[in-house]
Every structure is written in C-alpha cells, then in structure tokens.
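Working notes, beginning with the structure itself.
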Amino acid sequence: MLADLEQQCALFVCDLEHSDSAHNIDHVRRVVALAKHLAKQEHAQLEVVVPAAWLHDCVSLAKNHPQRHLASQMAADKALEFLSRIRYPQAYFAAIHHAIVAHSYSADVKPNSIEAEVVQDADRLDALGAIGLSRCLQVGTSLNRPLYNQHDPFCLQRCPDDREYTLDHFYSKLLHISESVCTPSARCEAQLRTQFMLNYLQQLKHELRPS
C-alpha cells in the first residue's frame, strides 16, 4: 500500500507550484526520507507519517505572504482531498491532517501524536545543517534581501530582523530550532546540524573581520 501511495504522492507533488526553490520537490523528498528514518526510531505509524511527509507542503506560500501562517491548514485540507481521490483509507485521515497542520513553524500548533512529532521534526531538521544553510540563502536571494547588516552582521547590538537581512534568520529562528524538536533521535541530529551552522557563522566572522 505505501509503495503505491508514494508513487502517486510523488507525481502529485511534482506537478505543484512551489513558493521558492527551498520548498521544492527536493525538500519534500528529504523530509520524507528523514520522516521514515525517525518513524522507525520512534515506532511511529508509517501509514500516517509517509503521506503526511509527502503532502506537508502541497500548499506552499512565500515567507513574506500575509497568509503564511495558514499554509499548513490549507495544505492539510488539500492533502485529504487528494488522498480521498486515490482511495487511501480514511481511518488515517484525522491523524494525517493534524500532522500536516502541526508541522509548520509559523502555525504554532503543538503536535499531539508521535506521528505529528516525527513529521514536524523531519521538516525542522531540513532547516538545519548544510542543507538548512543553503535553503536559507536561497530564500533570502529569492526575496532580494541583503545577506547581512553592514554595521552589525551578527546581531550583537540589535534585535534580529529577518525581514531585512538573510543572516538575521539564523538568530531569529534557525539557531533555536534544536530546542523545539520533539523526539530524542531528532534532537541528537538537530544538535549536530546546529553546530555546523555555528561553525559557518564563526568562519564568516573571520572573513568579514580579517585581522
């Protein structure tokens, strides 16, 4: 059942428009792979995790869209419409819907199941590490934002404002994600990926302030 589902989900997702290159099919495939891995570690139900991971961004709004905080609710509704069309068992619908709604950082919905925790963690892990760094730069470039504030690149004497500067997104969100992941297996990976990003910032400091 799951193999056939994944083929249909992949075809469905590939045909969708995405808000930016950081939320394209490559992102979805990485989240699916992470979600499967975490589900096995945490004994979560794959019949919920797999479709929720595939469809979590089936409605994708730009970071600066005024309805960004509603995107996961819209995606969850659209996902159930698709799953109903392909006759996926309705017994899983409520759990899948919640997992998709709760995955979003901006929606601020607390996951109430291990399956929702796994999908949320998988999506958040993809915002960290080398991939997360690349995605952050992609989004900043697509929004035509400067990389950093010339006078205080690392937010030492000002509050971060990621609506103005790409690097500020590290300080307003990315460096705090490891504190918000739910499962033990994701927490370990999040810490490793966060350290990579801290190393990048240290190197950038060196390059911007050569002695």
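Scope of the values below: all heavy atoms of this structure, side chains included, with no hydrogens, waters or symmetry mates. One-based numbering along the sequence shown.
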Under the ring-ring contact (aromatic ring centres under 6.0 Å, His included) rule, what pairs show up with a residue in residues 97-151, not counting sequence neighbours? H56-H103

Return the [atom1] to [atom2] distance between [X] and [Y], rounded to the nearest 0.5 Å.
{"X": "I177", "Y": "D126", "atom1": "CD1", "atom2": "CG", "result": "10.0 Å"}
{"X": "K173", "Y": "D162", "atom1": "NZ", "atom2": "CG", "result": "8.5 Å"}
{"X": "D121", "Y": "S180", "atom1": "CG", "atom2": "OG", "result": "7.5 Å"}
{"X": "Q120", "Y": "K110", "atom1": "CD", "atom2": "NZ", "result": "8.5 Å"}

Check whether any side-chain heavy atom of [X] sits under 4.5 Å from a side-chain heavy atom of [Y], and report yes or no.
{"X": "W54", "Y": "R29", "answer": "yes"}
{"X": "L198", "Y": "L175", "answer": "yes"}
{"X": "L167", "Y": "L201", "answer": "yes"}
{"X": "D57", "Y": "V31", "answer": "no"}
{"X": "R135", "Y": "R30", "answer": "yes"}
{"X": "F12", "Y": "I86", "answer": "no"}
{"X": "V32", "Y": "E6", "answer": "yes"}
{"X": "L128", "Y": "L192", "answer": "no"}

Take L80 and L55 through the side chain to side chain contact (heavy atoms under 4.5 Å, CB included) test and state the conclusion after the steps. CA-CA 9 Å; L80 292 199; L55 301 169; over 6 Å; no

Check the orientation of F93 and Y88. Use parallel for under 30°, tilted for 30 to 60°, and perpendicular for over 60°. parallel

Tell me whether R158 is salt-bridged to E164, with the criterion being a basic N under 4.0 Å from an acidic carboxylate O. no

State which residues pass salt bridge (Lys or Arg N to Asp or Glu O under 4.0 Å) with R163; sequence neighbours excluded, sorted by chain then number. D161

For residues P51 and I96, report the shortest heavy-atom separation together with the two atoms involved. CG-CD1, 3.6 Å

Would you name the heavy atoms of A53 and A35 that are closest together and state the gap between them? CB-CB, 3.9 Å

Considering only Ile, Leu, Val, Met, Phe, Trp and Tyr, and joining two whenever side-chain heavy atoms are under 4.5 Å apart, list the other residues clustered with Y165. none

If Ile, Leu, Val, Met, Phe, Trp and Tyr residues are connected whenever their side-chain heavy atoms lie under 4.5 Å apart, and connections chain through other members, are V28 and L11 in the same group? no

When clusters are formed by joining ILVMFWY residues with side-chain heavy atoms under 4.5 Å apart, either directly or through shared neighbours, do V13 and V48 land in the same one? yes

So does L137 get a backbone contact from the side chain of T141, meaning a donor-acceptor N/O pair under 3.5 Å? yes

Is it the case that the side chains of Q203 and N199 hold a donor-acceptor pair, with the cut-off being a distance below 3.5 Å and no angle test? no

